[in-house]
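Remarks on the structure that follows.
Along the sequence shown, the residues carry numbers beginning at 1. Because the structure is predicted, anything quoted here is derived from the model rather than measured.
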Amino acid sequence: MFFHRLTLAVIYQNTHLKFMKYFTHPEGIFEIKIPLDWHYKNEVAGYENKSPFSFELFQNTQGCFQISCYHKSEKEINPNLPKGLFNNDKLEFIRTELPDDEFKILLWATVVEDYFFMAKYVCQPTKRNLNIVKKQIEKVETSLSTLTCLSLNRREFAINYDRFEKFNASLAASFDLKNKAIKNNSLIELIIILANHIDAYLRLCIVHKLQIIESTTLFKLDYLYQAETDRPIMEKKIYDKAKEMHILSEVQYTQLYKLYDLRNKVVHRYIITDIKTMELENICFNYEIICEEIRLILESIEKEQFEKKVGYHGTINPHREKDESYINELFSMVNDKHFSKKFHRKIK
């Protein structure tokens, strides 16, 4: 799920890069690895997805790390700053500390081609948190050692894989909601989540199958991401496409349409129809059965990619045993999706 993807703290970097995750600029201009216990704050704080991009610890935050990127047309570039090249993570930074009686404010700056990068770490050191702050600053420098400004021909790839990884993390996070619904015997909630799982599995089936057909590693992002202004591809269109591509059998296709109608009846017309609560368990059961059938179809398409050496899974067996760094990265991205104490996982 997560395999896609100066000179500062190289020795430290070798130890800790294993426990980091990618952050990708919304337009693919740069990528940077950040610690697994940091969270991207712009979206949850209601800020736009643009510079400065802010990161903090989820709980007990000890400071804020920000990174900004500006094209020369947006901000004048200081000619005295070190200058790096596209697609190179061996960047040099000028580090300065701003005078302040209360806060510690560290700045790093560099230039890559026509782009100016500025990073900032702001914290409030005390005798009690001095060691924690020191470690956070080390993490900042390790993170900066991974910063890569991407050339135009690499940005589509970066955006593709970023959206694919977020899709998978969202799918993983939805199982926490499913388990909660089962525990609470919340049958309507469970029906909705299972319908989401089927939709997600079929979208993955379609994009992986298209990769095989087109012999590409890129994804059809229309199936994996819907921005606020995008025209959505609705569930029934997903069923139709999956049937057209021979992913679904006629029997499965018909069953999904029947369940779709039942689900809508439960969600929108539970009160104004004669549907009984006792019927919900049977709907859940039938959803679960076909959901597992589709998951197995997805598994077979992933194996097909690996065997044919094509697509996302063309080089790495998707069903191998996962190591600790992989699991921790997934947990971290699931935490990002939830941004909730209730579902927060500790990262080892």
Side-chain angles (χ1 to χ4, degrees), residues 1-2 160-179 181-182 188-227 230-268 283-308 310-314 318-319 330 333-334 337:
M1 235 186 308
F2 307 109
N160 251 251
Y161 276 62
D162 180 57
R163 292 310 334 173
F164 176 70
E165 290 170 358
K166 287 175 178 173
F167 181 96
N168 279 294
S170 296
L171 175 57
S174 70
F175 279 90
D176 290 331
L177 303 181
K178 178 183 177 182
N179 292 335
I182 292 171
I188 294 178
E189 184 179 359
L190 183 56
I191 289 169
I192 293 169
I193 294 167
L194 285 168
N196 266 260
H197 284 177
I198 288 171
D199 181 69
Y201 289 149
L202 286 175
R203 287 171 185 268
L204 288 171
C205 286
I206 289 167
V207 297
H208 284 316
K209 199 71 175 175
L210 287 171
Q211 283 185 331
I212 295 172
I213 293 168
E214 297 173 4
S215 191
T216 181
T217 54
L218 293 175
F219 300 97
K220 298 289 187 185
L221 287 189
D222 289 352
Y223 291 102
L224 300 181
Y225 177 62
Q226 182 184 317
D230 289 345
R231 187 174 180 177
I233 302 177
M234 307 303 286
E235 257 180 292
K236 285 188 174 181
K237 292 293 183 183
I238 295 297
Y239 300 162
D240 295 345
K241 184 66 175 179
K243 174 65 167 54
E244 175 192 319
M245 295 180 69
H246 306 291
I247 293 167
L248 290 173
S249 69
E250 188 67 49
V251 172
Q252 291 167 330
Y253 179 74
T254 302
Q255 176 73 352
L256 283 176
Y257 261 77
K258 287 180 180 177
L259 287 171
Y260 179 91
D261 291 338
L262 285 170
R263 189 273 311 279
N264 279 358
K265 187 176 181 180
V266 169
V267 172
H268 301 294
I283 295 171
C284 285
F285 179 78
N286 289 329
Y287 255 124
E288 187 70 72
I289 292 297
I290 195 165
C291 185
E292 177 61 9
E293 288 178 11
I294 295 169
R295 188 194 68 80
L296 292 174
I297 293 170
L298 172 60
E299 182 178 294
S300 70
I301 294 173
E302 291 172 340
K303 287 180 179 178
E304 183 183 358
Q305 281 199 345
F306 181 63
E307 290 167 359
K308 292 182 175 179
V310 65
Y312 179 79
H313 296 293
H319 305 119
L330 176 60
M333 294 186 74
V334 167
K337 177 65 177 180

ask   = Going through the checks in order, is the side-chain contact (heavy atoms from CB on, under 4.5 Å) test met by D240 and E244?
value = CA-CA 6 Å; D240 295 345; E244 175 192 319; over 6 Å; no

ask   = Is the shortest side-chain N to carboxylate O distance from E299 to K303 below 4.0 Å?
value = yes

Among I191, I182, I188, side-chain contact (heavy atoms from CB on, under 4.5 Å) partner for C284 = I191

query = What distance separates I193 CD1 from E288 CD, expressed to the nearest 0.5 Å?
reply = 11.0 Å

query = Could you go step by step and tell me if K243 and I247 meet the side-chain contact (heavy atoms from CB on, under 4.5 Å) rule?
reply = CA-CA 6 Å; K243 174 65 167 54; I247 293 167; over 6 Å; no

ask   = Got a donor-acceptor contact below 3.5 angstrom from the D230 side chain to the A227 backbone?
value = yes

query = Say you draw a straight line from CD of Q255 to CD1 of I289; how long is it, rounded to the nearest 0.5 Å?
reply = 10.0 Å

remark   = Rounded to the nearest 0.5 angstrom, the CD1-SG distance for I198 and C205 is 11.5 Å

inquiry  = For H246, is the NE2 atom crowded, meaning more than 12 foreign heavy atoms sit under 6.0 Å from it?
reply    = no

message = Using a 6.0 Å cut-off, check whether atom NZ of K178 has over 12 heavy atoms from anything other than its own residue.
response = yes

remark   = In short, L330 meets A169 closest at the heavy-atom pair CD1-CA, 4.5 Å

query = Between D261 and K265, is the closest basic N to carboxylate O distance under 4.0 Å?
reply = no

request  = Quickly, which of E302, E304, E214 forms a salt bridge (Lys or Arg N to Asp or Glu O under 4.0 Å) with K209? Name it, please.
outcome  = E304

query = Distance from I213 atom CD1 to T216 atom OG1, nearest 0.5 Å?
reply = 12.0 Å

is_close_aromatic(F175, H197), centroid dist under 6.0 Å = yes

ask   = Would you say the side chain of I290 lies within less than 4.5 Å of the side chain of L194, judging by non-hydrogen atoms?
value = no

Candidates D222, I238, L298 - the one meeting side-chain contact (heavy atoms from CB on, under 4.5 Å) with R203 = I238

key: Side-chain heavy atoms of S174 within contact of L171, under 4.5 Å   = yes

query = Is the distance between the ring centroids of F164 and H208 under 6.0 Å?
reply = yes

Short side-chain donor-acceptor distance under 3.5 Å, D162 and Y225 = no

task = Inspect the surroundings of NZ in K236 and state if more than 12 heavy atoms from other residues, nucleotides or ligands are less than 6.0 Å away.
result = yes

query = Considering only heavy atoms from C-beta outward, does the side chain of I283 approach that of Y287 to under 4.5 Å?
reply = yes

message = Can you see whether Y239 engages E235 through a side-chain donor-acceptor pair at a distance of less than 3.5 angstrom?
response = yes

ask   = Looking at G311 and Q211, what are the two nearest heavy atoms and their distance?
value = CA-OE1, 3.7 Å

inquiry  = So, taking the atom named CG in L190 and the one named CG in L177, what distance separates them when rounded to the nearest 0.5 Å?
reply    = 11.0 Å

remark   = One should read off an interatomic distance between L248 CG and I297 CD1, to the nearest 0.5 angstrom, of 6.0 Å

request  = Answer with yes or no after comparing the ring centroid distance for Y312 and Y161 against a 6.0 Å cut-off, counting only values under it.
outcome  = yes

message = Less than 4.5 Å apart, side chain to side chain, heavy atoms only: is that true for L210 and Y223?
response = yes

note = Note: L202 and A242 closest approach over all heavy atoms is CD2-CB, 3.9 Å

